[in-house]
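Bear in mind the structure is a predicted one, so any value in this text is a computation, not a measurement. Values below: all heavy atoms of this structure, side chains included; hydrogens, waters and symmetry mates excluded.
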Amino acid sequence: MADRKCRTRMLAWAGAALALTAALAAAGCTSTPATTSAGTQAGSTTPEVTTAQAGQVFAAYVAVADRAASTGDASLALSNVTGVQKLTITTQLKAAKSGTGALARYRYGPPAVVLPRQDGYPRWFVASVTRSLVGRPGSPGGTAGLSLAATGRVLMVFVQGSATAPWLLSSTSQLPAGVSVPPLATDSAGYVATVPLNSGAQLARPDATGPLQAAVVDDGPASPATKVVAAGNLTTGIYAAARAAMTAPAGDLYQWELEGTHYSNVALRTADGGALVFYEMYLDSAVEVPAILNKGVVKTGPPITVPGYLAFLLTPGQPVPRLSLDTQQLLSFAAVDPPAGTASTAAKIQVIAIGGGLTYASAA
């Protein structure tokens, strides 16, 4: 877990919310700074995405995804996705092949398209839309141990890598019932300003949102990061779900960790000067004999119970594990980072949407 020391240093400053940005920068606990929001090129003359173009991209995606789900066509299902969405679909295809899941099929309402003001490539936009599951869930196990409603509003991030590249769906994150996206800073032409990931105008730098959420998911309500991260289903709720997800045999260890990925983050400016941040995280878990963690002489322990929802990711017929059981989920999130100096002392980072799910499991 490479970022644990970094996050530990960061938490030493979490109690001083107003000084958090400077502290994070000094500790080196953020991703590489950018002078503009991720994926932009200053001075480019690349044309902006229009509402009509975004609508066409969305409609084309829905048509292809529906045809792939109705026919079970794996190649078609993977043809218009990338990033978190591609790995999510890959896992669903594995579950469908094993008979424990299916390639999820959805019905979509009319989308509200959010167009960022941007130059250069990759270009991106967000479609906010109500989605309803038709038939079986995509893969067992839920998302970070949580069960998402069959019908809910989702935030779909589409990206285009270059002028000749196709538009691909990068992630789909669902908002829990009763949660909404805050008003965005929209200009007279209908475009929304982006926020640099190293901005100091928010409660925390936008690129620190993931590490701060991770601290709460890893350590729960006792984490110092709760001074700046709100409790809820997607923070303390994931912590509670992770605690209950597995039970280690006597003498073994069970641990989990939410950690960063190599995927790009992006952020939109909210009307009050905050940021709506889109980012990805890995959620890793492990049940193992202590010697693996302590790098000692490894000896087999008692049998480790494998939850049924993991079976399709493991080798059929393999022996019951006695050394370790590891899992990994790739998750997408959207979070609201409030503006710095907010009058309300209760203003905290709110994680408002989640997507993705299981991508890997191994046992020994």
Side-chain angles (χ1 to χ4, degrees), residues 1-15 17 20 24 29 84 140-149 152 173-179 203-204 207-248 252-261 277-288 293 304-305 307 309-310 325-338 346-361:
M1 309 303 181
D3 67 341
R4 175 173 291 169
K5 290 181 179 179
C6 184
R7 190 158 65 244
T8 299
R9 292 199 305 270
M10 178 185 65
L11 289 176
W13 297 298
L20 186 58
L24 286 165
C29 294
V84 175
T143 300
L146 308 175
S147 295
L148 301 182
S173 303
Q174 184 165 331
L175 287 79
V179 176
L203 178 62
D207 57 7
T209 303
L212 285 166
Q213 178 199 14
V216 177
V217 169
D218 293 353
D219 300 326
S223 170
T226 57
K227 296 179 184 295
V228 292
V229 177
N233 287 341
L234 307 185
T235 53
T236 50
I238 297 178
Y239 166 79
R243 286 194 64 181
M246 294 187 188
T247 301
D252 283 2
L253 302 174
Y254 169 48
Q255 59 180 353
W256 65 89
E257 184 169 48
L258 190 67
E259 62 176 351
T261 73
V277 189
F278 296 90
Y279 59 100
E280 293 75 31
M281 302 288 283
Y282 288 117
L283 179 59
D284 301 322
S285 73
V287 176
E288 57 193 15
L293 179 64
I304 299 173
T305 300
Y309 64 82
L310 292 179
L325 175 63
D326 300 300
T327 71
Q328 184 170 83
Q329 298 185 50
L330 178 57
L331 305 172
S332 59
F333 292 100
V336 179
D337 185 1
K348 295 183 179 182
I349 294 169
Q350 304 273 347
V351 184
I352 63 169
I354 186 173
L358 274 168
T359 58
Y360 170 83

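Atom NZ of Lys348 sits about 5.5 Å away from atom OG1 of Thr226, to the nearest 0.5 Å. From Asp337, atom CG reaches atom CG of Asp207 across 10.0 Å, with rounding to the nearest 0.5 Å. Remark: Ser147 OG to Asn233 CG distance equals 11.0 Å, nearest 0.5 Å. Of the inter-residue distances, the one linking Leu283 atom CG with Leu330 atom CG reads 10.5 Å to the nearest 0.5 angstrom.
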Gln213 and Tyr279: CA distance, side-chain angles, deciding distance, side-chain hydrogen bond (donor to acceptor under 3.5 Å, both in side chains) verdict: CA-CA 11 Å; Gln213 178 199 14; Tyr279 59 100; 2.8 Å; yes
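For Phe278, the ring-ring contact (aromatic ring centres under 6.0 Å, His included) test picks out no residue, with sequence neighbours left out. Tyr254 pairs by the ring-ring contact (aromatic ring centres under 6.0 Å, His included) definition with Trp256, not counting sequence neighbours.
Listed here is the closest heavy atom pair of Glu288 and Asp326: OE1-OD1, 4.4 Å. Scanning all heavy atoms of the two residues, the minimum distance from Gly145 to Gln329 falls at N-NE2, 4.3 Å. Across all their heavy atoms, Leu212 and Ala204 have their closest contact at CD1-CB, 3.7 Å. Closest heavy-atom contact between Thr143 and Gly356: OG1-O, 3.1 Å. When all heavy atoms of Ala144 and Leu331 are compared, the pair lying nearest together is CB-CD1, 3.8 Å.
In this structure, the side chain of Thr359 engages the main chain of Gln328 through a donor-acceptor pair within 3.5 Å. One N or O on the side chain of Gln174 and one on the backbone of Ala149 form a donor-acceptor pair closer than 3.5 Å.
Taking the side chain as every heavy atom from C-beta outward, Met281 and Phe333 approach each other to under 4.5 Å. Between Val351 and Val336, the closest side-chain pair of non-hydrogen atoms is not below 4.5 Å. Ile354 is not listed as a side-chain neighbour of Ser173, based on a closest heavy-atom distance of 4.5 Å or more.
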